Amino acid sequence: QVQLLESGGGLVQAGGSLRLACAASRRPFSTYAVGWFRQAPGKERKFVATISGSGGRTHYLDSVKDRFTISRDNARNTVYLQMNTLKPEDTAVYYCAARRTLSSDTYYTTSPSYDEWGQGTQVTVSS
């Protein structure tokens, strides 16, 4: 089992930036694929971005791929989500999730694929 702790959320104006971090309790974190998801009030949790254990493969929700960047520092057991040009529709609770994989090139884009979840961090973008 791995415990995940998100940080970096907050209130920002439209057009601004935030960097979220997902810190894991277990080493080696490089054996885990990690995903970011978000859930707006009254809506289902939705995939945002994912990264393979090695960091060599990533995938994004279409509406964020030109604005968000997922990366990882396995030496620090941390995955980041850099969010630029934020829009009010990006407002949500953001969750990171992890799943141990056999291949360091594997990632997942669906919620049921992940075993471990953080508690979430609120991102609010004002217009």
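Everything quoted here is computed from the prediction, not taken from an experiment.
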- [ ] Please tell me if the side chains of W36 and V79 come closer than 4.5 Å, counting only heavy atoms from C-beta onward.
- [x] yes

TODO: Rounded to the nearest 0.5 Å, what's the gap from OG on S126 to CD on Q13? Could you check?
DONE: 5.0 Å

Open item on the list: Using side-chain heavy atoms (C-beta onward) and a distance below 4.5 Å, is V48 in contact with V64?
Closed with: yes

TODO: Sorted by first residue and then second, give each ring-ring contact (aromatic ring centres under 6.0 Å, His included) pair with at least one member in residues 67-94; sequence neighbours left out.
DONE: none

Task: Heavy-atom check, side chain of T31 versus side chain of T101, under 4.5 Å - done: no

TODO: Using a 4.5 Å cut-off on heavy atoms from C-beta on, say whether the side chain of S17 contacts that of Q82.
DONE: yes

Open item on the list: Can you tell me how far apart SG (C96) and CD (E116) are? Round to the nearest 0.5 Å.
Closed with: 10.5 Å

Open item on the list: To the closest 0.5 Å, what do you measure between CD1 (I70) and CG (L20)?
Closed with: 10.0 Å

Task: With sequence neighbours excluded, residues passing side chain to side chain donor-acceptor pair (under 3.5 Å) with Q3 - done: none

- [ ] Using a 4.5 Å cut-off on heavy atoms from C-beta on, say whether the side chain of L81 contacts that of T69.
- [x] no

- [ ] Begin with the C-alpha distance, continue with both residues' side-chain angles, and end with the deciding distance and a verdict on side chain to side chain contact (heavy atoms under 4.5 Å, CB included) for T121 and V93.
- [x] CA-CA 5 Å; T121 186; V93 177; over 6 Å; no

Open item on the list: If we ignore hydrogens and angles and just use 3.5 Å, is the side chain of S30 paired with the main-chain N or O of N74 as donor and acceptor?
Closed with: no

Task: Cation-pi check, R99 onto Y32 ring (under 6.0 Å, within 45° of axis) - done: no

Task: Gap between atom CD of Q1 and atom OG of S25 - 0.5 Å precision - done: 8.5 Å

Open item on the list: Under the rule for salt bridge (Lys or Arg N to Asp or Glu O under 4.0 Å), what residues qualify as partners of D115, not counting sequence neighbours?
Closed with: none

Open item on the list: Treating Y95 as the side-chain partner and R45 as the backbone partner, does any N or O pair qualify as donor plus acceptor under 3.5 Å?
Closed with: no

- [ ] Kindly state whether the ring of F47 and the ring of Y108 have centres lying under 6.0 angstrom apart.
- [x] no

Task: Minimum side-chain heavy-atom gap M83-V12 below 4.5 Å - done: no

Task: side chain to side chain donor-acceptor pair (under 3.5 Å) between E89 and T91, intermediate numbers included - done: CA-CA 5 Å; E89 52 262 44; T91 295; over 6 Å; no

Task: Between S52 and D105: side-chain donor-acceptor atoms closer than 3.5 Å - done: no

Open item on the list: When you group the ILVMFWY residues by side-chain heavy-atom contacts below 4.5 Å and let the links chain together, are Y107 and F37 in the same group?
Closed with: no

Task: Heavy-atom check, side chain of R57 versus side chain of I51, under 4.5 Å - done: no

TODO: State the CG-CZ distance between N84 and R67, to the nearest 0.5 angstrom.
DONE: 9.0 Å

Task: Cation-pi check, R72 onto F29 ring (under 6.0 Å, within 45° of axis) - done: yes

Open item on the list: So which atom in T110 and which in Y114 form the shortest heavy-atom distance, rounded to 0.1 Å?
Closed with: O-CD1, 3.4 Å

Task: Donor-acceptor contact below 3.5 Å, side chain Q119 vs main chain E6 - done: no

Open item on the list: I need the K46 NZ to Q39 CD distance, nearest 0.5 Å.
Closed with: 12.0 Å

